[in-house]
Amino acid sequence: MGRAFVYVILGGGVAAGYAALEFVKKGVSHGELCIISDEPVAPYERPALSKGFLLPEAAARLPSFHTCVGANEERLTPKWYKEHGIELVLGTGVKSADVKRKTLLTTTGETISYKILIVATGARALKLEEFGVSGSDAENVCYLRDIADANRLVNVMQSCPGGNAVVIGGGYIGMECVASLVINKINVTMVFPEAHCMARLFTPKIANYYEEYYKSRGVNFVKGTVLSSFDFDSNGKVTGVDLRDGTKLSVDMVVVGIGIRPNTGLFEGQLTLEKGGIKVNGMLQSSNSSVYAIGDVAAFPVKAFGETRRLEHVDSARKSAKHAVAAIMEPEKTGEFDYLPFFYSRVFTLSWQFYGDTVGEVVYYGDMSGSAFGAYWISKGHLVGAFLEGGTKEEYEAIAKATRLRPEIEDLTELERQGLKFAVTV
Ligand code: FAD
Ligand code: NDP
């Protein structure tokens, strides 16, 4: 039993949704495109899961955040896919792939063949067990990657109003979930191994701003240590968190955000891998010319840095998807993907954006005791990165533009004096 398509997108997340819209814009014919996803719903804006989805009132629920609302584009509901003749195979995993025969075998036993495959399998959340701690299956231990996880997190949160939560991990999931838990009136202790939160992006000074704000909202921090074990009650629920530094915390619930691993397993030994992802060229094409990779799973050349990187953020998923489809449908009109890395987050009433790279010297500007401040990264005499908290749309556009231009910086003191004005006028 099997079906054949010209184009198959494997994975039904953010990148898949944006790729589908681009296929339609470029004139894909009815019956040519199929999307296979093990999630039971059409592609949606995953970032909503740690933000609007967790609000205590007027929480976001599907269909309101199907792709591509996050980029002010059409909202693609299942009806939209139907109307455009796109086959959505949902709730169905792909268990093996054969890139030589150009076939995929699904968990329902169907073989789906393709002429061109776009791999958009994203990533999975790392489990505590991978760090030698057991307890991930306990009913009050939550991860957050998909809708099922988010529903579970909401249920657990609602089961312990006014209760105590421990959030493990000081990255994006940790920061955003802590804010949502506090908004839901849960008391939170945040535990992470580094000296400060968001260690891979924030400098100690920037991190301090957010940590102080979180403290003012009642959040406790336990830094520089990791979980060593959980205590359980007779029903298998976690009641205590034991840390390696000897601290013991009583809990009603635990949220874990300790990083991800790209879903490359189906292609190991078949495609070239790099930086934990599928290595692609500037057309998002892998070592097999019929296979493209986009989103979290793709390791692509970032021109500005002159090296291959794998990015785990929604903007790169959206733009790599768009570019891959252009490269497939209009190869003669499509150049190499030229992407400026862009990360952002929104927590409580705070909101920041970052463009570029965090290498070199850092120059801060603005009022770090107020609501708007920023930083520039200068490497080899050029501006290579820019961060801004509390900016307006125009100011964010200005720091993005300035970073893309990589202007020469001769005088760091003058840059500090000019602050945001430098980006606005460059
Ligand atoms: P995904 O969106 O993860 O989609 C992958 C899809 O493939 C999933 O549907 C998965 O089920 C499916 N799949 C995988 N393997 C198989 C298989 N074998 N068979 C069938 N289907 C399969 N980024 C930001 O920049 N800003 C944010 O604010 C932000 N917030 C986030 C909040 C949360 C809670 C999470 C989890 C991530 C957030 N991100 C954010 C990151 C962003 O969502 C990802 O970078 C983006 O979703 C990547 O898109 P993708 O399509 O590559 O992968
Ligand atoms: P991150 O990589 O952002 O952060 C993981 C954090 O957990 C790091 O602080 C890491 O420390 C720490 N950690 C690692 N191992 C342990 C351990 N054993 N015990 C305690 N802490 C540990 O991943 P997240 O899980 O926060 O996010 C998952 C994905 O979702 C990422 O791809 C992220 O980009 C994405 N996301 C993005 C958002 C955004 O862009 N606004 C919002 C939410 C999610 P170390 O650095 O030392 O490894």
Side-chain angles (χ1 to χ4, degrees), residues 9-19 35-51 53-54 67 70 89-97 104 106-107 118-128 130-133 143-150 153 167-177 180 190-201 223 225-228 243-244 255-267 277 293-298 310-318 320-321 341-347 352-354:
I9 303 175
L10 168 51
V14 172
Y18 281 76
I35 297 177
I36 312 171
S37 176
D38 54 14
E39 289 195 75
V41 293
Y44 58 88
E45 303 283 357
R46 203 164 299 281
L49 298 183
S50 52
K51 305 175 188 70
F53 199 94
L54 302 180
T67 61
V89 182
L90 300 178
T92 306
V94 165
K95 59 179 184 188
S96 67
L104 304 171
T106 70
T107 45
I118 302 184
V119 183
T121 45
R124 65 174 180 84
L126 280 172
K127 290 284 167 82
L128 286 169
E130 294 168 73
F131 297 88
V133 177
Y143 289 83
L144 186 54
R145 183 71 202 177
D146 58 22
I147 289 260
D149 295 336
L153 177 52
V167 173
I168 298 169
Y172 288 93
I173 290 284
M175 293 300 280
E176 294 189 6
C177 286
S180 294
M190 200 172 180
V191 179
F192 48 84
E194 305 91 346
H196 63 78
C197 68
M198 296 288 294
R200 272 179 251 169
L201 179 66
K223 307 190 228 177
T225 188
V226 292
L227 176 68
S228 69
L243 305 180
R244 207 170 283 167
V255 179
V256 184
I258 53 173
I260 61 167
R261 278 289 173 278
N263 293 317
T264 55
L266 295 172
F267 301 98
I294 56 179
D296 283 8
V297 81
R310 202 180 51 71
L311 300 173
E312 301 174 352
H313 294 271
V314 76
D315 184 63
S316 80
R318 292 168 179 160
S320 61
F342 164 45
F343 315 143
Y344 72 90
S345 184
R346 293 191 302 273
V347 284
W352 58 260
Q353 293 194 7
F354 171 83

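Heads up: numbering here begins at 1 and tracks the sequence. Computed from a predicted structure; not experimentally measured. Remember, it's 1-based here, ligands and their atoms both numbered in the order they're listed.
Centroid-to-centroid, the aromatic rings of Tyr172 and His313 come within less than 6.0 Å.
Remark: Lys95 engages no residue in a side chain to side chain donor-acceptor pair (under 3.5 Å) (not counting sequence neighbours).
Considering only non-hydrogen protein atoms, atom 32 (C) of ligand 1 sits nearest to Ser50 OG, 3.2 Å. The single protein non-hydrogen atom nearest to atom 52 (O) of ligand 1 is Asp296 N, 2.9 Å, given as residue, atom name and distance. From the protein, the heavy atom lying nearest to atom 8 (C) of ligand 1 is Glu39 OE2, 3.3 Å. If you check which protein heavy atom lies closest to atom 39 (N) of ligand 1, you get Pro47 CG, 4.3 Å. Considering only non-hydrogen protein atoms, atom 4 (O) of ligand 1 sits nearest to Gly13 CA, 3.2 Å.
The shortest N or O to N or O distance between Asp315 and ligand 1 is not under 3.5 Å. For a threshold of 3.5 Å applied to N or O pairs, the pair formed by Leu266 and ligand 1 contains no separation below that value. The shortest N/O to N/O separation between Ala317 and ligand 1 does not fall below 3.5 Å.
A heavy-atom distance below 4.5 Å is found between the side chains of Leu201 and Phe354. For the pair Leu227 and Leu128, the minimum side-chain heavy-atom distance is below 4.5 Å.
Distances below 4.0 Å separate heavy atoms of Gly93 from the following atoms of ligand 1: 19 (N), 20 (C). For ligand 1, the atoms lying closer than 4.0 Å to a non-hydrogen atom of Leu144 are 34 (C), 36 (C). Close approach to Gly122 involves these atoms of ligand 1, each under 4.0 Å from a residue heavy atom: 3 (O), 5 (C), 52 (O), 53 (O). Listed by number with element, the atoms of ligand 1 under 4.0 Å from a non-hydrogen atom of Gly295 are 52 (O). Annotation for ligand 1: atoms under 4.0 Å from non-hydrogen atoms of Ala120 are 5 (C), 6 (C), 7 (O). Within ligand 1, the atoms closer than 4.0 Å to a non-hydrogen atom of Asn263 are 14 (C), numbered from 1 in the order shown. Interface atoms of ligand 1 facing Glu312, defined by a heavy-atom separation under 4.0 Å, are 41 (C), 45 (O). For ligand 1, the atoms sitting less than 4.0 Å from at least one non-hydrogen atom of Thr92 are 20 (C), numbered in the order shown with element in parentheses.
The backbone N or O of Ile173 sits nowhere less than 3.5 Å from a side-chain atom of Ser50 that would complete a donor-acceptor pair. With hydrogens and angles disregarded, no donor-acceptor distance shorter than 3.5 Å links the side chain of Glu194 to the backbone of Ala199. Checked by atom type and distance alone, the side chain of Arg318 never pairs as donor or acceptor with a backbone atom of Ala15 at under 3.5 Å. Under the 3.5 Å distance criterion, the side-chain polar atoms of Arg310 are matched with a main-chain donor or acceptor of Asp296. Put simply, the side chain of Tyr44 never gets that close to the backbone of Gly17: no donor and acceptor are under 3.5 Å apart.
Within 6.0 Å of the CZ atom in Arg124, the count of heavy atoms belonging to other residues, nucleotides or ligands exceeds 12.
Distances from atom 19 (N) of ligand 1 to the heavy atoms of Val94, Ile173, Val14 show the closest one on Val94. The option from Glu176, His313, Lys51 that lies nearest to atom 27 (C) of ligand 1, judged by heavy atoms, is Lys51. One option in Glu45, Arg145, Arg46 has a heavy atom closer to atom 2 (O) of ligand 1 than any other, and that option is Arg46.
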Salt bridge (charged side-chain N to carboxylate O under 4.0 Å, His left out) between Lys51 and Glu176, intermediate numbers included: CA-CA 7 Å; Lys51 305 175 188 70; Glu176 294 189 6; 2.8 Å; yes
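Taking 4.0 Å as the cut-off, Thr107 does not count as a neighbour of ligand 1 on heavy-atom distance. Look at Ser345 and you'll find every heavy atom at least 4.0 Å from all atoms of ligand 1. Residue contacts with ligand 1: Thr106 is excluded, as none of its non-hydrogen atoms falls under 4.0 Å. Distances from ligand 1 to the non-hydrogen atoms of Tyr344 include at least one value under 4.0 Å.
Annotation: ligand 2 has protein neighbours Phe131, Ile168, Gly169, Gly170, Gly171, Tyr172, Ile173, Glu176, Pro193, Glu194, Arg200, Val226, Gly257, Ile258, Gly259, Ile260, Glu312, His313, Tyr344, Ser345, each with a heavy atom less than 4.0 angstrom from the ligand.
Gly11 and Ser37 make their closest contact through C-CB, 4.3 Å (heavy atoms, listed as atom of the first residue, atom of the second, distance).
Relative to the ring axis of Tyr143, Lys127 places its NZ or CZ within 45° and under 6.0 Å from the centre.
The side-chain contact (heavy atoms from CB on, under 4.5 Å) test with Leu10 singles out one residue from Val297, Ile35, Val94, Asp38, and that residue is Val94.
Residue-level proximity to ligand 1 for Arg346 is absent, since no heavy atom of it falls below 4.0 angstrom. If you look at Leu311 next to ligand 1, there are no close heavy atoms at all, none under 4.0 Å.
A distance of 9.5 Å separates CE in Met198 from CZ in Arg200, rounded to the nearest 0.5 Å. With rounding to the nearest 0.5 Å, the separation of CZ in Arg46 from CG in Leu144 is 9.5 Å.
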